[in-house]
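Quick caveat, the model's predicted, so the values are computed rather than measured. Ligands are counted one by one from 1 in listed order, and the atoms in each one are counted from 1 as well. When reading the values below, keep in mind they use all heavy atoms of this one structure, side chains included, and skip hydrogens, waters and symmetry mates.
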Amino acid sequence: MNPGRRHFLVGAVSAAAFVALTRNGLAQDKKRTRIILLGTKGGPTLGTSGRSNYSTLILINDVGYLIDCGYGVSRQLMSAGVGLDPLRYVFITHHHSDHNLEYGPLLYNAWVTGRAHQVDSFGPPGLQKMTEAFFEYEKFDIETRLGDEGGTDLRKLISVHEFDKAGLVMQNADVKVTSCRVRHPPIAQSYAYRFDAKDRSIVISGDTAYAPELADFAKGADVLIHEAMYLPALEKLIRETPDATGLRKHLLASHTSTEDVGKIAAQAGVKTLVLTHLVPGNDSSITDTQWTEDVRKHFKGEIIVGKDLMEI
Ligand SMILES: [Zn+2]
Ligand SMILES: [Zn+2]
């Protein structure tokens, strides 16, 4: 509703009807597809700059679709005011620990904190084994609580769906989720996800080097949420990381520079680009202008430098 239309309604309908209309409008706002950045730091080290390890939440009609589970994700869901009850679907892009370290604990936290409910998790091979291994890790607690306190067995609430090629991941009445294989050597099974909801289409790059096929996959999306690496700060990061002999090689071969992110966003023709999984993620001296200056050489749309708990 534009302001002019709202103004017209105030004059044209009774106060009670206007309240009803406004409430209806708010309810619709609440139900729209929301994106909340839970953690915007790339890499497994713990953040010192106010950035938590990587995770992104999409809420569609108040149902939670969580992409990746970096360390701290459960706490970030609480801090975002979302809590753990809306969590219904979990998507893992690949099995680096900055994307899955809190996967098991998140399922556990949702079980003990909220009401017991089904969670479907999706991801590349290894997810089933990881889920079972976590249940084994907490077997004593789970079985003690079930015997002592009753309730539903966590192990019966989780359904794991592995896939090893790009394509349709899941679909329900609200959204269709598809995947695209991206370039993240030495990991072959690394995926981007696309969420086509009724009001918005959102693409999440996962971890990837420059991948033109991702631009095709993201064609026409409203929002592209892409990992980003700021090249001028890499040497400092490498100097400050203990035991980092192979780090430079890994970063350059497996991640995307800000300039290349701009190329992908421009090729895809998206409306909004969100930079997240920032590398370096601990260097608060890098300004938003620095994060975006090379992106802007190619991409003319809206650019958002991701910050923890930001809603888009
Ligand atoms: Zn990562
Ligand atoms: Zn990775």
Side-chain angles (χ1 to χ4, degrees), residues 35 37-58 66-74 76 90-106 121-127 130 162-164 166 179-193 203-211 213-214 217 224-231 233-234 237-238 240-258 260-261 264 273-283 286 291 305-308:
I35 303 164
L37 307 180
L38 296 173
T40 55
K41 179 190 171 298
T45 59
L46 292 185
T48 53
S49 63
R51 293 190 187 280
S52 190
N53 297 88
Y54 180 70
S55 181
T56 301
L57 177 72
I58 298 175
L66 184 77
I67 301 91
D68 285 331
C69 303
Y71 183 77
V73 60
S74 308
Q76 289 298 86
V90 175
F91 302 84
I92 300 293
T93 58
H94 67 296
H95 290 305
H96 264 142
S97 67
D98 52 323
H99 300 257
N100 68 17
L101 189 61
E102 201 167 311
Y103 165 69
L106 172 70
S121 60
F122 302 84
L127 191 61
M130 187 176 286
E162 290 186 350
F163 59 88
D164 62 3
S179 70
C180 166
R181 186 116 156 233
V182 287
R183 305 181 186 189
H184 193 47
I187 296 178
Q189 288 286 322
S190 188
Y191 292 89
Y193 289 105
V203 173
I204 295 192
S205 71
D207 280 11
T208 183
Y210 176 69
E213 59 275 25
L214 179 60
F217 180 66
L224 171 61
I225 300 171
H226 203 296
E227 70 132 274
M229 177 170 60
Y230 183 62
L231 290 181
L234 277 201
L237 169 72
I238 290 159
E240 289 174 356
T241 305
D243 221 7
T245 43
L247 186 59
R248 179 185 293 104
K249 185 173 135 275
H250 165 76
L251 290 174
L252 294 174
S254 313
H255 295 280
T256 309
S257 69
T258 47
D260 283 345
V261 175
I264 296 290
L273 170 67
V274 181
L275 305 180
T276 187
H277 192 282
L278 301 179
V279 174
N282 268 344
D283 189 342
I286 308 170
W291 278 114
V305 180
K307 310 223 166 30
D308 284 21

CG-CG distance between Leu106 and Leu66, expressed to the nearest 0.5 angstrom: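 Atom-to-atom, Leu106:CG and Leu66:CG are 6.0 Å apart.
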Whether Glu227 has an N, O or S atom under 2.8 Å from the Zn ion (ligand 1):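 Checking the Zn ion (ligand 1) against Glu227, no N, O or S atom falls under 2.8 Å.
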Any N, O or S atom of His277 closer than 2.8 Å to the Zn ion (ligand 1):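 Within the cut-off used here (under 2.8 Å), His277 does place an N, O or S atom near the Zn ion (ligand 1).
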Electrostatic pair Glu213-Arg183, nearest N-O below 4.0 angstrom: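 The answer is yes: the pair qualifies as a salt bridge.
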Main-chain N/O of Glu227 paired to Ser205 side chain as donor or acceptor, under 3.5 Å: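 It does hold such a pair.
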Shortest-distance N, O or S atom of Asp98 relative to the Zn ion (ligand 1):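 Output for this pair reads OD2.
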Heavy-atom check, side chain of Asp98 versus side chain of Asp68, under 4.5 Å: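 Side-chain contact under 4.5 Å: no.
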His94 atom NE2 and Asp207 atom OD2 as seen from the Zn ion (ligand 2), angle to 10 degrees: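 Result: 90°, to 10°.
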Angle at the Zn ion (ligand 2) (to 10°), with one arm to NE2 of His184 and the other to ND1 of His96: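 Seen from the Zn ion (ligand 2), ND1 and NE2 are separated by roughly 90°.
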Aromatic plane relationship, His184 with His255 - under 30° parallel, 30 to 60° tilted, over 60° perpendicular: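 The arrangement is perpendicular - the two ring planes meet at more than 60°.
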